[in-house]
Amino acid sequence: MNRKSSSGLFLMEMIVAVFFFMLCASTCILAFARSDHMSRLAKDSNNAVSAAQSVVEIWKAENIEGLQARMKLHPYGTGTPQTLYGIYWDRDWNPLGEEAEKQGTAVYYGIFQLSGGFGELEQGKVTIGYYTDLMRSSSPGEPLFELEASRYVPGEQE
C-alpha cells in the first residue's frame, strides 16, 4: 500500500497560521505599548499645566513667600537678587522640599525664573519636566510645559 500522507502539508499550514498570528499579536502589542506611553505623557502634560498655573497664581497673589510656604520653593543657584528657584513634586504631584533632590524621591521638577523689579512689570517663567531629564546633563530632553506670566510690582512711594 502506497498511501501518501497529507500530514506534512497540514503541518506546514499550521506553521504558517501560527506565524501569521504571532505577527499580528506582536503588532497589536507594539500599538498598545505606544498608546499607553502616549496616554501617560498626556496625563503628565495635563498635570504639568495645572502645576504651572498654580505656581503662577500663587506667585501673583502671595509673591515668593507664598510659593515658599505652599510649594516648598527653594533658591536654585546663587544670584543677587535671587531670581532662580526650584520646585520638586512626587509621583502624585505633591510638592516636595529641597531634600527630595538628595533623597531621590522627586519625579517632576519645576524651575521658576524671575526678571524685573520694583516699579515695573515683573516677569516669571515656569518650566516643568521630568526629574530624570533634569539630571541628564548631556541631553536634558524637552520639558513637559513652560508658562510665562507677568505682574506689576509697585515701586517705593516717595
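Numbering starts at 1 and runs along the sequence shown.
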Could you grab the distance from atom [atom1] of [X] to atom [atom2] of [Y], nearest 0.5 Å is fine?
X	Y	atom1	atom2	answer
Gln53	Ile58	CD	CD1	12.0 Å
Leu73	Ile111	CG	CD1	11.5 Å
His74	Leu67	NE2	CG	12.5 Å
Leu144	Asn47	CG	CG	9.5 Å
Lys125	Glu146	NZ	CD	4.0 Å

Checking one residue: [X]. Which other hydrophobic residues are in its cluster under the side-chain 4.5 Å linking rule?
X	answer
Leu11	Ile15
Phe10	Met14
Phe19	none
Val18	Met22

How close do [X] and [Y] get, counting heavy atoms only, and between which atoms?
X	Y	value
Met71	Ser54	CE-CB, 3.7 Å
Val56	Leu147	CG2-CD2, 3.6 Å
Ala51	Ile128	CB-CD1, 3.8 Å
Leu114	Gly124	CD2-CA, 4.1 Å
Glu142	Asp133	O-OD2, 4.2 Å

With salt bridge (Lys or Arg N to Asp or Glu O under 4.0 Å) as the rule and sequence neighbours excluded, what pairs involving residues 43-61 come up?
none
Kindly state each residue pair satisfying salt bridge (Lys or Arg N to Asp or Glu O under 4.0 Å) with at least one member in residues 12-35, sequence neighbours excluded.
none
Sequence-distant partners of Asp36, salt bridge (charged side-chain N to carboxylate O under 4.0 Å, His left out), two or more places apart
Arg40
All salt bridge (charged side-chain N to carboxylate O under 4.0 Å, His left out) counterparts of Glu62, not counting sequence neighbours:
Arg70
Sorted by chain and number, sequence neighbours left out, side-chain hydrogen bond (donor to acceptor under 3.5 Å, both in side chains) with Asn63 holds for Arg151
Residue pair Thr27 / Leu30, side-chain heavy-atom distance below 4.5 Å:
no
Does the side chain of Tyr108 come within less than 4.5 Å of Tyr130's, by heavy atoms?
yes
Which pairs with one or both residues in residues 84-97 pass side chain to side chain donor-acceptor pair (under 3.5 Å), sequence neighbours excluded?
Tyr88-Glu101, Asp90-Asn94
By the ring pair (Phe, Tyr, Trp, His ring centres under 6.0 Å) test, which pairs, at least two apart or in different chains, include something from residues 20-68?
Trp59-Phe112
Could I get the full list of side chain to side chain contact (heavy atoms under 4.5 Å, CB included) partners for Gln113, not counting sequence neighbours?
Leu84
